[in-house]
Amino acid sequence: MTSQACSFAVTVPSVASPLRRHRNLHVVRAQVEPSEKSIEIMRKFSEQYARKSGTYFCVDKSVTSVVIKGLADHKDSLGAPLCPCRHYDDKPAEAQQGFWNCPCVPMRERKECHCMLFLTPENDFAGKEQAITLDEIRETTANM
Ligand code: SF4
């Protein structure tokens with residue numbers, strides 16, 4: 001399987017993987033950062049959807065930040081917030097199809113977010129927050 005070129009991509013191994021595996025988040029960053037506007041849109045969306053779904057952000061906010069930026073990048077490049085934690089053979093076709101546009105179908109149907117953006121309270125790595133600021137996103141991804 002191949003991944004098309006993009007400026008920002010995130011790969012998270014699997015659903016409910018331990019945080020130690022999230023240390024293995026594969027973050028591929030090129031020269032282009034997602035636009036500030038799209039980061040803000042996806043930040044607000046993430047806060048609202050966490051509240052709506054009764055889920056929480058990861059105790060490690062850098063996980064949250066990286067996923068939000070990955071979603072923002074896809075919003076910029078594809079026009080839709082395609083899940084940034086997967087590989088796709090054809091990203092535009094996937095974005096058009098919609099199954100993996102955030103919130104994806106597994107999240108909507110079963111509260112399964114393999115990116116660890118939205119964690120149910122019983123998840124060992126769920127924090128207590130449903131909010132993240134733009135400054136937090138900037139600070140936690142500054143050295144990536
Ligand atoms: Fe990816 Fe689905 Fe999580 Fe959104 S809800 S970040 S699309 S796994």
Side-chain angles (χ1 to χ4, degrees), residues 1-30 32-134 136-141 144:
M1 217 184 294
T2 59
S3 170
Q4 293 183 340
C6 74
S7 58
F8 197 98
V10 183
T11 301
V12 179
S14 65
V15 178
S17 54
L19 191 57
R20 62 182 167 73
R21 292 180 65 189
H22 284 265
R23 295 297 180 191
N24 296 330
L25 276 171
H26 299 296
V27 181
V28 180
R29 296 181 81 184
V32 184
E33 279 278 294
S35 68
E36 192 97 338
K37 182 182 172 194
S38 290
I39 293 174
E40 181 61 1
I41 288 170
M42 296 319 303
R43 184 191 72 78
K44 283 185 179 164
F45 155 77
S46 299
E47 288 186 339
Q48 286 165 359
Y49 193 75
R51 287 196 294 270
K52 181 182 168 189
S53 61
T55 56
Y56 294 85
F57 295 149
C58 185
V59 284
D60 181 349
K61 286 281 191 75
S62 70
V63 172
T64 314
S65 300
V66 166
V67 177
I68 287 173
K69 288 181 84 170
L71 290 168
D73 177 71
H74 279 164
K75 188 157 177 52
D76 283 342
S77 59
L78 301 166
L82 184 66
C83 185
C85 310
R86 303 181 64 81
H87 289 289
Y88 308 95
D89 287 331
D90 187 338
K91 282 189 179 187
E94 288 284 354
Q96 180 84 21
Q97 199 272 342
F99 186 94
W100 288 112
N101 288 346
C102 194
C104 60
V105 172
M107 180 65 206
R108 280 182 268 150
E109 292 186 347
R110 299 183 299 278
K111 293 194 182 183
E112 288 177 5
C113 173
H114 61 270
C115 290
M116 289 185 79
L117 177 57
F118 303 115
L119 297 171
T120 53
E122 63 272 17
N123 187 298
D124 287 346
F125 306 107
K128 298 196 181 311
E129 294 185 50
Q130 296 170 315
I132 186 166
T133 66
L134 210 47
E136 281 181 288
I137 294 172
R138 283 198 198 100
E139 284 163 19
T140 54
T141 59
M144 290 183 178

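Below, each value reflects all heavy atoms present in this structure, side chains not excepted, and no hydrogens, waters or symmetry copies. Starting from 1, each residue takes its place in the sequence as its number. Being a predicted model, the structure only gives us computed values, none of them experimental. As the structure lists them, so they are numbered: ligands from 1, and atoms in each ligand from 1.
For ligand 1, the atoms sitting less than 4.0 Å from at least one non-hydrogen atom of Met107 are 5 (S), numbered in the order shown with element in parentheses.
Under 2.8 Å from atom 2 (Fe) of ligand 1 lies no N/O/S atom of His114, from backbone or side chain alike. For atom 4 (Fe) of ligand 1, the N/O/S atoms of Cys102 include one lying under 2.8 Å.
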*asked:* Could you walk me through whether Leu134 and Glu36 satisfy the side-chain contact (heavy atoms from CB on, under 4.5 Å) test, starting with their C-alpha distance in whole Å, then the side-chain angles of each, then the deciding distance to 0.1 Å, before giving a yes or no?
replied: CA-CA 9 Å; Leu134 210 47; Glu36 192 97 338; 3.9 Å; yes
_Derivation and outcome, salt bridge (charged side-chain N to carboxylate O under 4.0 Å, His left out), residues Glu129 and Lys61_ = CA-CA 10 Å; Glu129 294 185 50; Lys61 286 281 191 75; 3.1 Å; yes
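With Asn101 contributing its side chain and Ala95 its backbone, the two residues share a donor-acceptor pair below 3.5 Å.
Protein heavy atom at the shortest distance from atom 3 (Fe) of ligand 1 is Cys113 SG, 2.3 Å. Regarding atom 2 (Fe) of ligand 1, its nearest protein heavy-atom neighbour is Cys104 SG, 2.3 Å. Annotation: atom 7 (S) of ligand 1 to nearest protein heavy atom, Cys83 CB, 3.3 Å.
Annotation: the span from Tyr88 atom OH to His74 atom NE2 amounts to 6.5 Å, rounded to 0.5 Å.
Of the candidates Leu117, Thr140, Ile39, Thr140 is the only one forming a side chain to side chain contact (heavy atoms under 4.5 Å, CB included) with Ser65.
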